[in-house]
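Below you'll find the structure, written out as structure tokens, and then a few comments.
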Number of protein chains: 2
Amino acid sequence: MNALLRDANPPLTRSVEDYLKVIYHLSNQGGFAATSDIAAMLDVAPPSVSGMVKRLSETGLIEHVPYRGVQLTAQGRRAALRMIRRHRILELYLTQHLGYDWGGVHAEAEQLEHAVSDELVERMASALGHPLYDPHGDPIPTAAGEIEEAELVSLADAPVGLKLELRQVGTQDSARLHYLAGQGLTPGVLLTVSERQPFNGPTTVALVPSGDPRVVGRELAQLLWCREVPVDGYGAAAR
Amino acid sequence: MNALLRDANPPLTRSVEDYLKVIYHLSNQGGFAATSDIAAMLDVAPPSVSGMVKRLSETGLIEHVPYRGVQLTAQGRRAALRMIRRHRILELYLTQHLGYDWGGVHAEAEQLEHAVSDELVERMASALGHPLYDPHGDPIPTAAGEIEEAELVSLADAPVGLKLELRQVGTQDSARLHYLAGQGLTPGVLLTVSERQPFNGPTTVALVPSGDPRVVGRELAQLLWCREVPVDGYGAAAR
DNA sequence: TAAGATGATTAGGCTATACTAATTCGATAA
DNA sequence: TTATCGAATTAGTATAGCCTAATCATCTTA
Ligand SMILES: [Mn+2]
Ligand SMILES: [Mn+2]
Ligand SMILES: [Mn+2]
Ligand SMILES: [Mn+2]
């Protein structure tokens, strides 16, 4: 078959969709996604990434600077955000309508995101009342491809004394998620930073309004992304 | 990599899963599924089927008699029924919980059946109350791999005068399904055969209890599979 | 500034799945 | 009983993904 006659815009394969998502996450802060980081996140060998990168840049989904890394083009970014929308709507639907807990949804959504039709995604979004956040607090991109960019501080960096709303939990690891849920540390919770031990020590917080203390080690604290709340306090209701 | 060290039981690919399903449907009545019929149903070229048939028989999923066709082994049959269970539960879930109509579910389920986990399938089955039939009236295999074998007559062959319950609609074509639904011809409906024109002519039925007449051409009548109902009449309630 | 170390790429191969063109088998019909 | 025809198979090729081993580029450090 003549290459010129081949479909100019074939649908993306599931591999390509996953590559675009991880490139989005790795280059989100404006930088380049490195080959080895992409390889690690997708659990493939670095040469596999080099090969895929060649194809993706030929099709105009990414920009490749050899030995530096890659970034998404506008087209690639649109495709990535479409996948992220699907993934997060699926996660929320599975928790809200099918009894999944937030530690178990990720793996299921990782598969389903490639199989659902646009129609099904939008039907689930409707059934959920067009939600803005997934079960982990991550913002759901709109169908038009816009995504909320919140300025959040990690609990590991938040100064003592601050009152915070926990907004996002930055892991998909189900053991960590289950532990955090057991501690009552889920998106939407209010807390104040009561102290922090030196030398990368744990952070102690007090839940609001109960006042219950929680001691959070640095590894987990780095995963807890928070929004500062005015101390007089109706920030959560205003969200 | 040494072939002997490769995974002895790799998960089935989506292609393999679809081949097994169509072989099941084509060889259901005990016969052999022909290469060209498999090719037509999967919309691939016959040599592609020959190649796949070789691999599937090497892995013990089918039995191949060259130039005759193929049949499923016990293992292949189990795999096929597992896919059919997934497909039918998905179809029913999409219609019952997400507002799909019965003409639109098939294509969606055809993709999702390969992506859902066993856990998700069983959660959907629970949410549906462990249903026995899909939206088209087809029986849903159990998780253990058993399937109801009903003796049904096609409306095209049913003798005049008989009282019938419409049980299954044997097509996935959405135009035909929409038309039939518009005529009130959906699984569970009761009807009596009032007359049939000769020379492959249409069959006229009366809906029960309304008595409304419906004239059904031979092509559609052949798709309507019915169960005979005792004339005194509580068959439907006993189902 | 030259050597390592580290990370990226190229070279070469493998499997799954499809295709077209050529060939072969088997059933039917002269 | 053989010629023929349609179905099935084989031969050969392509693409998407992945791999390991070898090479190459860039950054760091002595
Ligand atoms: Mn995925
Ligand atoms: Mn999430
Ligand atoms: Mn179906
Ligand atoms: Mn399918």
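Quantities reported herein were computed from a predicted structural model and do not represent experimental measurements. Letters go in sequence order (proteins before strands), and every chain restarts at 1. Because only heavy atoms are used, hydrogens play no part in the values below, and waters and symmetry mates are left out as well, while side chains stay in.
With sequence neighbours excluded, the residues that form a side chain to side chain contact (heavy atoms under 4.5 Å, CB included) with B:L26 are B:V22, B:A33, B:D37, B:I38, B:M41. The ring pair (Phe, Tyr, Trp, His ring centres under 6.0 Å) test applied to A:Y19 returns no partner, not counting sequence neighbours. When the side chain to side chain donor-acceptor pair (under 3.5 Å) test is applied to A:Q222, no partner is found at least two apart in sequence or on another chain. A search for side chain to side chain donor-acceptor pair (under 3.5 Å) contacts involving A:E228 returns nothing, not counting sequence neighbours. Qualifying ring pair (Phe, Tyr, Trp, His ring centres under 6.0 Å) partners for B:H178, counting only residues two or more places apart in sequence or in other chains: none.
Listed by first and then second residue, the salt bridge (Lys or Arg N to Asp or Glu O under 4.0 Å) pairs that reach into residues 133-145 of chain B are B:R88-B:D134, sequence neighbours excluded. Residue pairs meeting the salt bridge (Lys or Arg N to Asp or Glu O under 4.0 Å) criterion with at least one partner in residues 97-114 of chain A, sequence neighbours excluded, are A:K21-A:E110, A:K21-A:E113. Sorted by first and then second residue, the side-chain hydrogen bond (donor to acceptor under 3.5 Å, both in side chains) pairs involving residues 49-65 of chain B (not counting sequence neighbours) form an empty list.
The distance between atom CG of A:L42 and atom C1' of D:dA16, rounded to the nearest whole Å, is 15 Å.
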Could you write out each protein N or O paired with an N or O of nucleotides 20-25 of chain C at a distance under 3.5 Å?
residue: C:dC25; atom: O4'; partner: B:Y67; partner atom: OH; Å: 3.4

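Each of A:R68 and A:S15 lies near DNA chain D, and the nucleotide nearest A:S15 is the one positioned closer to the 5' end.
Contacts between residues 16-40 of chain B and DNA chain D, defined by a heavy-atom separation under 4.0 Å, are made by B:A34, B:T35, B:S36. Contacts between residues 51-61 of chain B and DNA chain D, defined by a heavy-atom separation below 4.0 Å, involve no residue at all.
Regarding contacts with the backbone of D:dT9, a side-chain N or O of B:H64 is found under 4.0 angstrom from either OP1 or OP2.
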Item to check | Full working for side-chain hydrogen bond (donor to acceptor under 3.5 Å, both in side chains) between B:E91 and B:H106 | outcome: CA-CA 6 Å; B:E91 284 190 343; B:H106 181 76; 3.2 Å; yes

Please tabulate, for side-chain N and O atoms in residues 66-82 of chain B, each donor-acceptor pair with protein atoms closer than 3.5 Å (sequence neighbours left out).
residue: B:Q71; atom: NE2; partner: B:G30; partner atom: O; Å: 2.9
residue: B:Q71; atom: NE2; partner: B:G31; partner atom: O; Å: 3.1
residue: B:T73; atom: OG1; partner: B:G60; partner atom: O; Å: 2.7
residue: B:T73; atom: OG1; partner: B:L61; partner atom: O; Å: 3.1
residue: B:T73; atom: OG1; partner: B:Q75; partner atom: N; Å: 3.4
residue: B:T73; atom: OG1; partner: B:G76; partner atom: N; Å: 3.1
residue: B:R82; atom: NE; partner: B:D118; partner atom: OD1; Å: 3.4
residue: B:R82; atom: NH2; partner: B:D118; partner atom: OD1; Å: 3.3

